[in-house]
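Counting from 1, the numbers follow the sequence of the chain as shown.
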Amino acid sequence: RDFAASPGVSGCFAKMISGCYCATRPHPNQTRGAPFAAPLVVACAYRWRTLDHAFATHAAHRVRNFAFVGLQEAFNASVCLFHRIFGLEPVAREFSVFNMGNARRAAGRSMPRNAKYKLADPGAPPPSRWDDAELGDFVDVIDHAVYAAALDRFEALLDAELERIRTPLRR
């Protein structure tokens, strides 16, 4: 909870979409260890930016205009959607488990570095999710607005592609 709520981390998506670093320093008037006044003011591309409703709205607006938005929790659908939008064919390895780091550590580094990636089993249960209970009462309202916009954009793009598939070609 403390990490997620820290001023440098909260609002990370919105900050990056707005051209800022994720972990950026708060304004000197918002001293370390003191309760942070809302809205937070952070260093952002050579100027101070206020993380308020207007900042979140601007970041959400930018997301709604992205040519493509994918979601981690809908990874396979995101890969397929990306390829549909940009007219490409998906490749099997794009549906693979790419992060072999934890598997290598768990295996005592006995796995060779060039181990073949294995395809995710479509029948397998989804990987365990982050336990949100650890966040307690913390809600990142800035990033919540950005995620809501990303979800809206993803669903709109998906609906448009599904409609395109359903519509017969006119000759």
Give a yes or no on whether Phe66 atom CZ has more than 12 heavy-atom contacts from other residues, nucleotides or ligands under 6.0 Å away.
->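 More than 12 heavy atoms, drawn from other residues, nucleotides or ligands, come within 6.0 Å of this atom.
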Hey, is NE2 on His144 packed in by over 12 heavy atoms from elsewhere, all under 6.0 Å?
->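 Not buried by this count: 12 neighbours or fewer within 6.0 Å.
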If hydrophobic clusters are built by linking Ile, Leu, Val, Met, Phe, Trp and Tyr wherever their side-chain heavy atoms come under 4.5 Å apart, do [X] and [Y] end up in the same one?
X: Met16; Y: Phe154; answer: yes
X: Tyr147; Y: Val139; answer: no
X: Leu88; Y: Val69; answer: yes
X: Phe13; Y: Ile142; answer: no
X: Leu162; Y: Leu151; answer: yes

[atom1] of [X] to [atom2] of [Y]: how many Å apart, nearest 0.5 Å?
X: Asp52; Y: His58; atom1: CG; atom2: NE2; result: 12.0 Å
X: Glu89; Y: Cys80; atom1: CD; atom2: SG; result: 10.0 Å
X: Arg153; Y: Arg64; atom1: CZ; atom2: CZ; result: 10.5 Å
X: Phe82; Y: Leu157; atom1: CZ; atom2: CG; result: 12.0 Å
X: Tyr21; Y: Cys12; atom1: OH; atom2: SG; result: 13.0 Å

Main chain of [Y], side chain of [X]: is a donor-acceptor contact present, judged purely on distance under 3.5 Å?
X: Glu94; Y: Val91; value: yes
X: Lys15; Y: Leu51; value: no
X: Ser78; Y: Leu71; value: yes

Measure the shortest side-chain to side-chain distance between Phe55 and Arg49 over non-hydrogen atoms and say whether it is less than 4.5 angstrom.
->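 Result yes, sub-4.5 Å side-chain heavy-atom pair found.
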Can you name the nearest heavy-atom pair linking Val146 to Ala59, along with the distance?
->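 Minimum heavy-atom separation between Val146 and Ala59: CG2-CB, 3.7 Å.
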